Amino acid sequence: MSLKSERRGIHVDQSELLCKKGCGYYGNPAWQGFCSKCWREEYHKARQKQIQEDWELAERLQREEEEAYASSQSTQGAQSLTFSKFEEKKTNEKTRKVTTVKKFFTASSRTGAKKEIQEAKAPSPSINRQASIETDRVSKEFIEFLKTYHKPGQDIYKQCKLFLDTMNHKRDLSIEEQSECAQDFYQNVAEKLQTRWKVPPEKVEKAMDQIEKYIMTRQYKYVFCPETTDDEKKDLAVQKRIRALHWVTPQMLCVPVNEEIPEVSDMVVKAITDIIEMDSKRVPRDKLACITKCSKHIFNAIKITKNEPASADDFLPTLIYIVLKGNPPRLQSNIQYITRFCNPSRLMTGEDGYYFTNLCCAVAFIEKLDAQSLNLSQEDFDRFMTGQTSPKKQESDSFSPDVCLGVKQMYKNLDLLSQLNERQERIVNEAKKLEKDLIDWTEGITKEVQDIVEKYPLEIKPKSQALAAIDSENVENDKLPPPLQPQVYAG
């Protein structure tokens with residue numbers, strides 16, 4: 001791969017981050033490019049259109065049935081069968097026309113099978129205790145917070161309790177319908193705070209944050225990555241995709257970050273830590289806060305590297321690199337959870353909404369990343385993806401004059417790693433040769449010993465009788481000279 005000054009980097013026009021309807025708020029890929037407000041409007045329009053089409057279909061079927069009935073009175077059996085089919089279709093159409101709000105306030109009809117599945121997959125007692133402790137803590141903080149609002153605080157608490165009780169009896173709703181109910185609740189409470197209770201805008205925002213925290217702490221285990229969605233499947237697909245892209249280098253993405261600088265390296269580590277920590281949070285606002293902290297560390301890393309403020313064109317490639325390097329757990333589930341249950345005002349405006357929109361764009365880019373995006377040939381891209389080879393080092397003479405020192409240092413390090421790899425291969429080969437020599441030497445010594453043993457076999461003679469005492473046969477001492485007697489020498 002050659003790195004040239006004219007190579008194309010990752011660029012996203014800031015207008016592409018905004019709602020495609022032109023309202024000025026940030027859009028979201030999960031909402032087909034609309035902001036939360038416009039998406040809900042489009043969603044309701046689509047539902048009303050579907051309802052209207054259902055009514056037209058029902059009327060057409062009724063007219064056809066009446067015509068068939070008038071022309072075929074003699075065939076009662078066939079008419080009865082057709083009428084029963086019509087009744088079945090009509091019943092189905094009526095069922096489809098039930099709105100979300102009507103479903104929300106009707107009696108629950110959860111089946112026993114769902115209960116058994118939920119009981120079988122219930123979390124351990126220790127996790128339940130931990131969640132209960134956190135729920136109690138959040139409830140106490142919420143009550144203390146509402147005391148500062150006096151009368152409005154009491155009404156807010158009653159509405160929140162009523163909403164939670166209703167949601168607890170409505171587990172059979174789809175996750176989209178539960179999201180719609182939560183968004184309606186946020187909007188209704190915010191309007192009441194502003195119009196009925198005349199609460200200042202800054203206090204309304206604080207109140208909505210606390211309401212979201214109180215509600216979603218209690219609803220988290222039911223609405224985060226539910227079994228009725230394919231969120232888990234998407235998580236596994238994204239994780240597998242990121243693992244397959246482990247070979248992507250910062251230079252391929254035109255990332256203006258030099259990790260050789262200690263401060264920049266620390267910022268990169270902190271950014272990765274923040275994006276991974278997002279999964280441990282239970283409240284959408286806290287997850288957004290992790291994304292915001294990660295993004296600010298990225299901007300600081302770029303600023304230190306370039307000695308100038310970072311631009312949006314620098315930010316997105318670096319965010320993609322951080323996501324590839326960190327591979328955050330349950331990334332799609334967290335994005336969907338924030339999209340469905342976060343206070344919509346946070347996603348539509350402000351730095352939280354901007355950073356979250358960029359994260360969604362980064363994930364979408366990773367999912368569709370191809371050879372052209374990385375300025376590679378399709379052949380090289382396929383070899384890298386299958387693991388047949390890895391990006392090679394770049395010769396020093398192929399660098400353009402304006403390439404930064406960090407890129408040159410990176411390729412120098414790759415050269416050193418290549419040399420170390422060659423040395424390691426030589427050491428492994430020499431070690432294998434030494435092992436073979438030792439085996440051959442051991443086998444040779446063993447053969448020589450066996451040959452000597454066969455040539456000069458070891459004979460073990462029986463144990464000889466012990467030597468008897470000299471006078472053992474002279475029992476009577478008759479053959480021994482008389483013992484010497486002491487004599488006195490007379491001088």
Side-chain angles (χ1 to χ4, degrees), residues 1-3 236 238-253 255 257-273 276 301 305 320-329 366 369 371 374-400 403-461:
M1 184 194 70
S2 61
L3 184 64
L236 296 176
V238 170
Q239 278 198 331
K240 183 178 179 181
R241 177 69 171 173
I242 292 177
R243 291 194 196 101
L245 294 170
H246 65 90
W247 48 268
V248 176
T249 64
Q251 289 68 39
M252 294 178 181
L253 298 170
V255 175
V257 169
N258 183 9
E259 294 186 66
E260 293 296 323
I261 303 175
E263 295 180 3
V264 174
S265 179
D266 291 341
M267 292 296 176
V268 171
V269 172
K270 291 179 180 179
I272 295 174
T273 303
I276 293 176
T305 301
I320 294 171
Y321 172 67
I322 293 297
V323 174
L324 289 175
K325 195 169 183 179
N327 197 357
I366 292 172
L369 190 142
L374 300 175
N375 298 301
L376 295 174
S377 65
Q378 188 62 42
E379 182 181 358
D380 290 341
F381 182 82
D382 294 338
R383 288 205 307 267
F384 295 158
M385 289 296 292
T386 56
Q388 296 178 2
T389 184
S390 58
K392 301 296 182 181
K393 65 183 180 65
Q394 183 168 346
E395 301 297 335
S396 58
D397 56 355
S398 62
F399 286 109
S400 61
V403 173
C404 66
L405 295 177
V407 175
K408 296 180 180 179
Q409 183 64 39
M410 187 274 298
Y411 282 104
K412 182 180 179 181
N413 293 340
L414 289 177
D415 189 14
L416 292 176
L417 288 175
S418 178
Q419 296 177 12
L420 289 174
N421 186 37
E422 294 176 358
R423 289 178 58 186
Q424 183 180 10
E425 290 179 355
R426 289 199 300 268
I427 292 173
V428 171
N429 293 332
E430 293 294 333
K432 291 181 179 179
K433 182 179 179 181
L434 177 60
E435 182 182 12
K436 185 178 182 301
D437 293 342
L438 289 174
I439 294 174
D440 294 341
W441 178 80
T442 304
E443 292 177 351
I445 295 296
T446 303
K447 188 176 183 301
E448 291 179 5
V449 171
Q450 290 177 352
D451 293 342
I452 294 174
V453 170
E454 292 175 357
K455 186 175 182 181
Y456 304 101
L458 179 64
E459 296 180 0
I460 300 176
K461 297 181 179 180

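Note: hydrogens, waters and symmetry copies are ignored here, and every other heavy atom, side chains too, is used. Worth saying up front: this structure is predicted, and the values here are computed from it rather than measured.
- Scanning all heavy atoms of the two residues, the minimum distance from L376 to W247 falls at CD1-CZ3, 3.8 Å.
- The closest side-chain donor-acceptor pair between Q378 and D382 falls under 3.5 angstrom.
- Checked for salt-bridge contact, K433 and D437 miss the test: no charged N lies under 4.0 Å from a carboxylate O.
- Annotation for T305 and A301: closest pair OG1-O, 2.9 Å, computed over non-hydrogen atoms.
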*Check the pair K447, D451 against salt bridge (Lys or Arg N to Asp or Glu O under 4.0 Å), reporting the backbone distance first and the verdict last.*
CA-CA 6 Å; K447 188 176 183 301; D451 293 342; 3.5 Å; yes

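- If you take CG on L434 and CD1 on I439, they are separated by 10.0 Å, rounding to the nearest 0.5 Å.
- Looking at M385 and L245, their side chains come closer than 4.5 Å, going by heavy atoms from C-beta outward.
- The closest side-chain heavy-atom distance from I320 to V248 is not below 4.5 Å.
- With rounding to the nearest 0.5 Å, the separation of OG in S418 from CZ in R423 is 12.5 Å.
- When all heavy atoms of G326 and I272 are compared, the pair lying nearest together is CA-CG2, 3.7 Å.
- Looking only at distances, a side-chain donor or acceptor of T273 sits under 3.5 Å from a matching main-chain atom of V269.
- Side chain of R241 to main chain of L369: a donor-acceptor pair is present (N/O by atom type, distance under 3.5 Å, no hydrogens or angles).
- A donor and an acceptor atom, one from each side chain of N258 and Q409, are nowhere located under 3.5 Å apart.
- Without hydrogens or angle criteria, N421 side chain to L417 main chain gives no donor-acceptor distance under 3.5 Å.
- Using a 4.0 Å cut-off between charged side-chain N and carboxylate O, D415 and K412 make no salt bridge.
- For K325 and E259, the salt-bridge test passes: some basic side-chain N is under 4.0 Å from an acidic carboxylate O.
- For the pair R426 and E430, the salt-bridge criterion is not met [side-chain N within less than 4.0 Å of a carboxylate O].
- A salt bridge links K436 to D440: one of the charged nitrogens lies within less than 4.0 Å of a carboxylate oxygen.
- Residue S377 comes nearest to A371 through the heavy atom pair O-CB, 3.8 Å, listed as atom of the first residue, atom of the second, then distance.
- In this structure, Q419 places its CD atom where more than 12 heavy-atom neighbours from other residues, nucleotides or ligands lie under 6.0 Å away.
- Expressed to the nearest 0.5 Å, how far CG of L374 lies from OG1 of T249 amounts to 8.0 Å.
- Residues V264 and M267 have side chains not in contact (no heavy-atom distance under 4.5 Å, counting atoms from C-beta outward).
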